[in-house]
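This report refers to the structure that appears directly beneath it.
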Amino acid sequence: MNSPKSLPLCPACRKGHLHVTTRNEVFRPRGVEVVVELLASKCDACGVQTTRASQHEENLRRLAARKPHYGNVLMGEEIMALRKRYGLTQQAAAKIFGKGKIAFSRYENEVTYPDDSTMLLLRMALEKPDSLKWLADRAGVELPLWQERCKDGRPVLRMVTGSHEVRTAVSAQINLPAKAYAMPPSGTGWHALLPAGHTPSEVFERTWGSAEVMA
């Protein structure tokens, strides 16, 4: 047992010391009960409860570790992360997915879980961002951070020396369509830098193994 002197001082009263306590958070994704023990600290003088930085990190790890119990069900944190990634409010997200005003609040707090069709749309939005843009446009909802996210995913072009000393622009994601990243159509941009008679994948395969980075 730790002596009082070795325990952290309470940040609220500055008199008592913090003792580790635990509480159980219960989740029920589609009826499957998942219990996660979370850490906190309690002052032995004023009784205030707080979560220290190290405890917060550990709690995040424990919450993430429950994922295998969810099957195809998204965790509340995953749904919140999707919404915040594009700068959406809960009401805006609900409108995009055709739900009531408080639906996303309930999903993110795991009071309820999305039905199968909504879960499928959410997964599609996570894995194929263009589908989220399509849904948002038809719902008349703006995605405030859409352009920023497009920049995040834009392929990085590099000039390399390929066979026969051909300087070619290749990308780590060369198989992705240029239009998905608001890049010029074929005939301009990096497509136009491909040697005549070669496809992007051929050049990529030809230069990847022995390419010399030029810039």
Side-chain angles (χ1 to χ4, degrees), residues 1-97 99-129 131-132 136 143-146 148-149 151-153:
M1 185 174 179
N2 294 330
S3 64
K5 290 184 178 180
S6 66
L7 296 172
L9 196 64
C10 174
C13 69
R14 308 298 297 177
K15 295 179 180 179
H17 293 84
L18 296 177
H19 296 260
V20 176
T21 63
T22 61
R23 65 179 177 85
N24 287 337
E25 188 79 22
V26 181
F27 305 90
R28 295 183 174 83
R30 303 292 173 82
V32 178
E33 185 171 291
V34 182
V35 180
V36 180
E37 185 181 63
L38 300 177
L39 303 177
S41 295
K42 185 176 182 179
C43 176
D44 55 16
C46 67
V48 71
Q49 292 196 27
T50 185
T51 303
R52 302 178 66 201
S54 59
Q55 292 175 329
H56 177 69
E57 292 298 322
E58 173 61 17
N59 287 344
L60 291 178
R61 189 194 66 77
R62 294 185 181 192
L63 287 168
R66 78 187 193 277
K67 179 62 178 175
H69 300 286
Y70 276 57
N72 291 324
V73 178
L74 291 173
M75 299 186 297
E77 301 96 300
E78 294 175 291
I79 296 175
M80 181 187 296
L82 170 65
R83 176 176 64 79
K84 290 190 173 183
R85 176 170 174 75
Y86 295 96
L88 292 167
T89 64
Q90 291 179 335
Q91 290 191 11
K95 186 175 181 181
I96 290 174
F97 292 94
K99 296 299 172 181
K101 292 183 178 180
I102 65 170
F104 268 71
S105 174
R106 296 173 68 83
Y107 295 160
E108 292 172 13
N109 290 295
E110 295 193 34
V111 176
T112 60
Y113 295 86
D115 54 42
D116 290 340
S117 59
T118 304
M119 191 69 72
L120 182 62
L121 289 175
L122 287 167
R123 284 195 167 278
M124 187 181 300
L126 279 167
E127 298 174 16
K128 300 180 180 295
S131 64
L132 176 62
L143 298 177
L145 299 181
W146 174 252
E148 284 80 357
R149 298 292 81 84
K151 292 176 183 176
D152 290 346

Shortest non-hydrogen contact from [X] to [Y]?
| X | Y | answer |
| --- | --- | --- |
| Pro114 | Leu122 | CG-CD1, 3.8 Å |
| Pro144 | Tyr86 | CD-O, 3.2 Å |
| Phe97 | Ala125 | CZ-CB, 4.1 Å |
| Glu110 | Gly76 | OE2-N, 2.8 Å |

Tell me whether [X] contacts the main-chain N or O of [Y] through its side chain, where contact means a donor paired with an acceptor under 3.5 Å.
| X | Y | answer |
| --- | --- | --- |
| Arg149 | Arg85 | yes |
| Arg66 | Leu63 | yes |
| Asp44 | His17 | yes |
| Glu25 | Val36 | no |

Under the side chain to side chain contact (heavy atoms under 4.5 Å, CB included) test against Arg123, which residue among Leu74, Thr118, Leu82 passes? Leu74
Over 12 foreign heavy atoms within 6.0 Å of CG, Leu120: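 Yes, enclosed.
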Around atom CG of Asn72, are there more than 12 heavy atoms of other residues, nucleotides or ligands at under 6.0 Å?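 Count not over threshold, so no.
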Measure the [atom1]-[atom2] distance between [X] and [Y] for me, rounded to the nearest 0.5 Å.
| X | Y | atom1 | atom2 | answer |
| --- | --- | --- | --- | --- |
| Leu39 | Thr51 | CG | OG1 | 8.5 Å |
| Phe27 | His69 | CZ | NE2 | 11.5 Å |
| Glu37 | Asn59 | CD | CG | 9.5 Å |
| Leu121 | Leu126 | CG | CG | 11.5 Å |
| Glu78 | Tyr70 | CD | OH | 9.0 Å |
| Lys101 | Thr89 | NZ | OG1 | 11.0 Å |

NZ or CZ of Arg83 within 45° of Phe104 ring axis and under 6.0 Å: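 That pair does not qualify as a cation-pi contact.
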Could you give me the CA-CA distance, side-chain angles and deciding distance for Leu143 and Ile96, then say whether side-chain contact (heavy atoms from CB on, under 4.5 Å) is met? CA-CA 10 Å; Leu143 298 177; Ile96 290 174; 4.0 Å; yes
Please enumerate all residues that pass side chain to side chain contact (heavy atoms under 4.5 Å, CB included) together with Lys42, with sequence neighbours excluded.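 Listed in chain order: Thr21, Gln49.
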Salt-bridged, Glu77 to Lys67, with N to O below 4.0 Å? no
Quick one: do Glu58 and Arg62 make a salt bridge, cutoff under 4.0 Å?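 Looking at Arg62 together with Glu58, the answer is yes, because their closest N to O distance falls below 4.0 Å.
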Could you check if a side-chain atom of Met119 sits within less than 4.5 angstrom of a side-chain atom of Arg30, using non-hydrogen atoms only? yes
Does some side-chain heavy atom of Cys13 sit less than 4.5 Å from a side-chain heavy atom of Cys43? yes
Looking at residues at least two apart in the chain, or sitting in another chain, which of them share a ring pair (Phe, Tyr, Trp, His ring centres under 6.0 Å) with Tyr113? none
Sequence neighbours left out, what passes salt bridge (charged side-chain N to carboxylate O under 4.0 Å, His left out) with Lys84? Give chain and number order. none
Leu18/Leu7 under side-chain contact (heavy atoms from CB on, under 4.5 Å): CA gap, chis, key distance, verdict: CA-CA 6 Å; Leu18 296 177; Leu7 296 172; 5.9 Å; no
